[in-house]
Protein chains: 2
Amino acid sequence: MPDSLRQFKADIFQALAHPTRIAILEFLSEGELSAGALIEKLGMDQANVSQHLAVLRARQIVVNRKAGNQVFYSIRDPTIGKVLALMRKYFHTQLKETIGMLDEMEHTR
Amino acid sequence: MPDSLRQFKADIFQALAHPTRIAILEFLSEGELSAGALIEKLGMDQANVSQHLAVLRARQIVVNRKAGNQVFYSIRDPTIGKVLALMRKYFHTQLKETIGMLDEMEHTR
DNA sequence: CCGTTATATTAGCATTTTCGCATATACTGA
DNA sequence: TCAGTATATGCGAAAATGCTAATATAACGG
């Protein structure tokens, strides 16, 4: 595989590599939301959220729709939602293993 | 979801967000490889590859096994392989859409 | 046209990442 | 123990990222 394709994938992962952007995508995975609604749900600064949205837009992970005064965001390809769901599963496995390890250490103390 | 969990996910994505590390994981998804074998397949500097392996190790995405002189790496959880496979699919969709768009532009020129 | 609301963009700064190079560590066989 | 091979680590510079504060743009109601 040419490196440019790997660069493309790396760029997508890079876009996902921030807690705020993950939060944004988790909210959006339940449906379209306005920028303002996201800002409120996240409880973060307007400019900050807008910048994170710009990152997601640049990678075409989200698309936006202008309606009068507001801008509504949604996830462009549901595959991204699946990636996040897989990540959730991965996280649970990792967590369980860690707990198991701690448990083991407890017993052999 | 607490932000610390999102930070954890973000850290995993961060670890995947580099073309070289994606290449490493794609090679490893076919099975265990020694550091030297990876360096040869990648055609990159030894120290550089070693540093990327360190990133993947720190996030526990890969594990290593020492055998005499060499160190063999493998992917710890197959879920990571699935994430990469999904990414491949995502990439194809995106590519097809882009081509379709270009095609459209061609016809309406 | 004006003030207000919603959103985006810019600039400056601190932090993090990546790379190349040099060096360190670990194991092997003679 | 010594030379050689395999791998890891430390360090400094350059580039990318993220935050805050300020400013810009766009649409609305009056």
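Each chain gets a letter, A, B and so on, in the order the sequences are listed, and its residues count up from 1. All values reported here derive from a predicted model rather than from experimental measurement.
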Check your understanding: Closer to the 5' end of DNA chain D via nearest nucleotide, is it A:Ala47 or A:Thr20?
Key ->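 Result: A:Thr20.
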Exercise for review: Would you sort out whether A:Gln14 and B:Gln14 count as a side-chain contact (heavy atoms from CB on, under 4.5 Å), showing the intermediate values?
Suggested key: CA-CA 6 Å; A:Gln14 179 62 53; B:Gln14 178 61 51; 3.7 Å; yes
Check this one for me: any side-chain N or O of [X] less than 4.0 Å away from OP1 or OP2 of [N]?
X: A:His52; N: D:dT17; result: no
X: A:Asn48; N: D:dC19; result: yes
X: B:Arg57; N: D:dT7; result: no
X: A:Tyr73; N: C:dA8; result: yes

Take the protein atom [atom1] of [X] and the nucleotide atom [atom2] of [N], then report the distance between them rounded to whole Å.
X: B:His18; N: C:dT16; atom1: NE2; atom2: P; result: 18 Å
X: B:Arg6; N: D:dG18; atom1: CZ; atom2: P; result: 16 Å
X: A:Gln14; N: D:dA15; atom1: CD; atom2: P; result: 17 Å
X: B:Leu38; N: D:dA8; atom1: CG; atom2: C1'; result: 15 Å
X: B:Leu16; N: C:dT17; atom1: CG; atom2: P; result: 14 Å
X: B:Leu42; N: C:dC19; atom1: CG; atom2: C1'; result: 15 Å
X: A:Leu33; N: C:dA6; atom1: CG; atom2: P; result: 15 Å
X: A:Gln70; N: C:dT7; atom1: CD; atom2: C1'; result: 10 Å

**Study point:** Position toward the 5' end of DNA chain C (nearest nucleotide), A:Ala37 or B:Ala17
**Key:**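 Its nucleotide being nearer the 5' end, the pick is A:Ala37.
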Check your understanding: What nucleotide among D:dT7, C:dT7, C:dC27 has an atom nearest to a side-chain atom of A:Ser50?
Key ->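 Nearest to the side-chain atoms of A:Ser50, counting from C-beta on, is C:dT7.
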Check your understanding: So which nucleotide from D:dC19, C:dC27, D:dA26 ends up closest to the side chain of B:Asn69?
Key ->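 Closest nucleotide among those given: C:dC27.
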Exercise for review: May I ask you to decide if the ring planes of B:His52 and B:His18 are parallel, tilted or perpendicular, using 30° and 60° as cut-offs?
Suggested key: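 Rings of B:His52 and B:His18: tilted, as their planes differ by 30° to 60°.
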Practice item. Could you give me the CA-CA distance, side-chain angles and deciding distance for B:Phe8 and A:Gln94, then say whether side-chain contact (heavy atoms from CB on, under 4.5 Å) is met? Key: CA-CA 11 Å; B:Phe8 173 84; A:Gln94 170 115 350; 3.8 Å; yes
Review point. Between B:Glu26 and A:Lys9, does at least one N-O distance fall below 4.0 Å, as a salt bridge requires?
Key: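 Between A:Lys9 and B:Glu26 there is a salt bridge, with a charged N closer than 4.0 Å to a carboxylate O.
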Exercise for review: Kindly say whether, by distance alone, the side chain of A:Gln51 makes a donor-acceptor pair under 3.5 Å with the base of C:dT7?
Suggested key: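 Under the 3.5 Å cut-off, the side chain and the base do not form any donor-acceptor pair.
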Review point. Hey, does the side-chain of A:Gln46 have a donor or acceptor N/O within less than 3.5 Å of a partner on the base of C:dA8?
Key: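 Side chain to base: pair present.
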Exercise for review: Indicate yes or no: at least one non-hydrogen side-chain atom of A:Phe72 is less than 4.5 angstrom from one of A:Gln70.
Suggested key: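 A:Phe72 vs A:Gln70: side chains touch.
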